[in-house]
Chemist: 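Take a look at the following structure, please.
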Amino acid sequence: MAKQGKQKQQQGKKAKTAISPTRAEDYPEWYQQVIKAAELAEASPVRGCMVIKPWGYAIWEHVQATLDRMFKETGHVNAYFPLFIPKSYLEKEAEHVEGFATECAVVTHHRLEPGPDGTLVPGGELAEPLIVRPTSETIIGEVYAKWVQSYRDLPILINQWANVVRWEKRPRLFLRTTEFLWQEGHTCHATREEAVEETLKMLDVYETFARDWMALPVIKGEKTPEERFPGAVDTYTIEAMMQDRKALQSGTSHFLGQNFSKAANILFLDRDGEQKLVWTTSWGVSTRLIGALIMTHSDDDGLVLPPKLAPSHIVILPVLRGDAPDEVTAFCEALATDLRAQTYHGAPVRVLVDNRDLRGGEKTWQHVKKGVPIRLEIGPRDVKEGAVFMGRRDKGVKEKSSVPRDEFVAQATTILDEIQQALLDRALAYREENTRVIDDLEEFKAYFTPKNVDKPEPHGGFAHCYSAGGPEVVEICRELKVSARCIPVGVEEEPGTCLFTGKPAARRVIFAKAY
RNA sequence: CGGGGCGUGGCUCAGCCUGGUAGAGCGCUGCGUUCGGGACGCAGAGGUCGAAGGUUCAAAUCCUUUCGCCCCGACCA
């Protein structure tokens, strides 16, 4: 007994948090452990490629469903283009080739033939190698060239949900994997103005989605020339701050000008009888968003999910060991039915009754680690009182309270909204705390220099600085492992002096360490 | 592609220096005791020690080669 007590105490001390190490101890390792504990994904036999597990995929499905609806509300339709791109297509846009050449998977053969010792060797060499799409501008451009004849064919507003492959040197689950899932919108317009408008409109869609669904505050901005998409005229981004204060580019929207229409010869006959090149855009978000979600909200007890995207909003945990298990089961089922009859942002409340034959404590912790917004523990006592014992994932695990059953049913969607809002507020406050205006180069350097160089602690954040851009700026930043994240859009500003070069600078740029 | 590290049951690892033919904890299965909070006892299943050569009476252990993985950098949604 004494031994047990002692062990328990030690365990209690050691395992104060469900995730080890904690964010403060080792942030990158914490991130991996959260993914593992929440059963979001795991490494696969193929280097750089991950298996997205049901819980993680369900989140992606909610992301997809919501964005898909938003795209359609803004006039877009879905289509699907080939996985393979002829090498010659990729070669047509000079900057584009240069940008992607080093990370392409290349298919050179179309069959396998018997080799020595029962092995198989590639046979049937292709006349022209096929590239597994790293992005689809080129092939879609070729197709659009056939579709577009007249100004009456414009605009073309198409999105595709697809997988792409970029042979990354250093993969990280969700943040940077060799194969990843995404959507890519590709549009053609008759005028420059219209294309620019489309680019910014989709950036707004992304911002809205991030804020209202993911509870992710983002900064809309324009990329500096160094950070621009290969082949784009202007690249816009939504940048989010993770809890280690690094920036994560969470979505992009590109104004491609006529670069790709030139390459693919997308011509139309305008009203004035002139042959003209169309203006194109492209925009995308990927499974990286899940990485953003994890690193923005989760804590040392695991994943924390914004209710709107949570695979389950509410988990009911029946305590069946008491004297009236049948009554408890019936109570839980009836409760689930009543909750599912509620509508939360256009869909029924998602309720899971966890009847698995596991001990209560362990079961509870599993759902904590998976980030389920509301947990209801229900035993004979609650049944007798007509109450539920509620825990919220945005509060402490031990911070639980008894709520009358009917009151809870009536309030459930309101509570979910509260949690959603609390996550957004918290993330926004964190970003504000770790953002500053810097006009002194030494301060800039100090801000981005960790105390522990070998294993950097979370430091720095977003720095708003005047910058004239150019190689000097890039060089100073490179030494600090900092980069220009974006030039915020929609912010009025006085011109100033470049922090790095002393040259005149039109406006402030956000600098940060980044993923 | 550079620089470090590691490959031993499902997972985390010990054993290797000083060769003698495989261990622990967790997990898993069964039984029992527990149970409103990450339980405990007993019994059990599970490994050709990354792969291929070599040295040796004998190799997880020594030598050579090779493959794979992880971390740290340069490239990136």
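Heavy-atom basis, side chains included; hydrogens, waters and symmetry copies ignored. In what follows, every chain begins at residue 1, and chains take the letters A, B, ... in the order their sequences are listed.
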Chemist: Side chains of Lys513(A) and His459(A): do they bring a donor and an acceptor to under 3.5 Å?
Modeler: yes
Chemist: Whole Å only: how far is the CD atom of Gln33(A) from the P atom of rC26(B)?
Modeler: 19 Å
Chemist: Is any side-chain N of the basic residue among Glu39(A) and Lys369(A) closer than 4.0 Å to the acidic one's carboxylate O?
Modeler: no
Chemist: Nearest whole Å is fine: how far is rU12(B) C1' from Glu29(A) CD?
Modeler: 12 Å
Chemist: Any salt bridge linking Asp300(A) with Arg23(A)? Criterion: basic side-chain nitrogen under 4.0 Å from a carboxylate oxygen.
Modeler: yes
Chemist: Whole angstrom is fine here: how far is it from CD in Glu475(A) over to P in rA74(B)?
Modeler: 12 Å
Chemist: State whether Arg381(A) and Glu385(A) are salt-bridged, where the test is any N-O pair (Lys NZ or Arg NE/NH1/NH2 against Asp/Glu carboxylate O) under 4.0 Å.
Modeler: no
Chemist: Choosing from rG73(B), rG38(B), rG37(B), which nucleotide comes nearest the side chain of Ala18(A)?
Modeler: rG38(B)
Chemist: If pairing requires Watson-Crick or G-U wobble contacts with both distances under 3.5 Å, which nucleotide is the partner of rU64(B)?
Modeler: rA52(B)
Chemist: Rounded to the nearest angstrom, tell me the gap between atom CD in Gln32(A) and atom P in rU12(B).
Modeler: 12 Å
Chemist: Output the rounded distance in Å from CZ (Arg381(A)) to C1' (rG37(B)).
Modeler: 11 Å
Chemist: Go through the N and O atoms of the side chain of Lys363(A) and the base of rG36(B), and report whether any donor-acceptor pair is under 3.5 Å.
Modeler: no
Chemist: Salt bridge check: are Arg485(A) and Glu227(A) linked by an N-O gap of less than 4.0 Å?
Modeler: yes
Chemist: What's the gap between rG3(B) and rG27(B) when it is taken at their P atoms, as a whole Å value?
Modeler: 41 Å
Chemist: Which value, in whole Å, describes the distance between the C1' atoms of nucleotides rA60(B) and rC40(B)?
Modeler: 35 Å
Chemist: Counting only distance, no hydrogens or angles, is the base of rG38(B) paired donor-acceptor with the side chain of Gln366(A) under 3.5 Å?
Modeler: no
Chemist: Is it true that the NZ or CZ of Lys246(A) lies under 6.0 Å from the centre of Tyr515(A)'s six-membered ring and within 45 degrees of the ring axis?
Modeler: yes
Chemist: Name the nucleic acid region contacted by Gly379(A), choosing base, sugar-phosphate or nothing; use a 4.0 angstrom heavy-atom cut-off, strictly under.
Modeler: base
Chemist: Counting only side-chain heavy atoms from C-beta out, which of rA39(B), rG37(B), rC70(B) sits nearest to Phe389(A)?
Modeler: rG37(B)
Chemist: Does NZ or CZ of Lys445(A) fall inside the cone over Phe448(A)'s six-membered ring, less than 6.0 Å from its centre and within 45° of the axis?
Modeler: no
Chemist: Can you measure Arg359(A) atom CZ to rU33(B) atom P for me and round it to whole angstrom units?
Modeler: 16 Å
Chemist: Rounded to the nearest angstrom, tell me the gap between atom CH2 in Trp365(A) and atom C1' in rG36(B).
Modeler: 15 Å
Chemist: Atom pairs under 3.5 Å, N or O on each side, protein against nucleotides 75-77 of chain B: can you list them with distances?
Modeler:
{"residue": "rC76(B)", "atom": "O2'", "partner": "Glu168(A)", "partner atom": "OE2", "Å": "3.3"}
{"residue": "rC76(B)", "atom": "O2", "partner": "Arg176(A)", "partner atom": "NE", "Å": "2.1"}
{"residue": "rC76(B)", "atom": "O2", "partner": "Arg176(A)", "partner atom": "NH2", "Å": "3.2"}
{"residue": "rC76(B)", "atom": "N3", "partner": "Arg176(A)", "partner atom": "NE", "Å": "2.9"}
{"residue": "rC76(B)", "atom": "N3", "partner": "Arg176(A)", "partner atom": "NH2", "Å": "2.8"}
{"residue": "rA77(B)", "atom": "O3'", "partner": "Gln249(A)", "partner atom": "OE1", "Å": "3.4"}
{"residue": "rA77(B)", "atom": "O3'", "partner": "Gln249(A)", "partner atom": "NE2", "Å": "2.7"}
{"residue": "rA77(B)", "atom": "O2'", "partner": "Gln249(A)", "partner atom": "O", "Å": "3.4"}
{"residue": "rA77(B)", "atom": "O2'", "partner": "Arg288(A)", "partner atom": "NH1", "Å": "3.4"}
{"residue": "rA77(B)", "atom": "N6", "partner": "Thr177(A)", "partner atom": "N", "Å": "3.0"}
{"residue": "rA77(B)", "atom": "N6", "partner": "Thr177(A)", "partner atom": "O", "Å": "2.8"}
{"residue": "rA77(B)", "atom": "N3", "partner": "Ser286(A)", "partner atom": "OG", "Å": "3.0"}

Chemist: In whole angstrom, give the distance that lies between atom CD1 of Ile316(A) and atom C1' of rG37(B).
Modeler: 18 Å
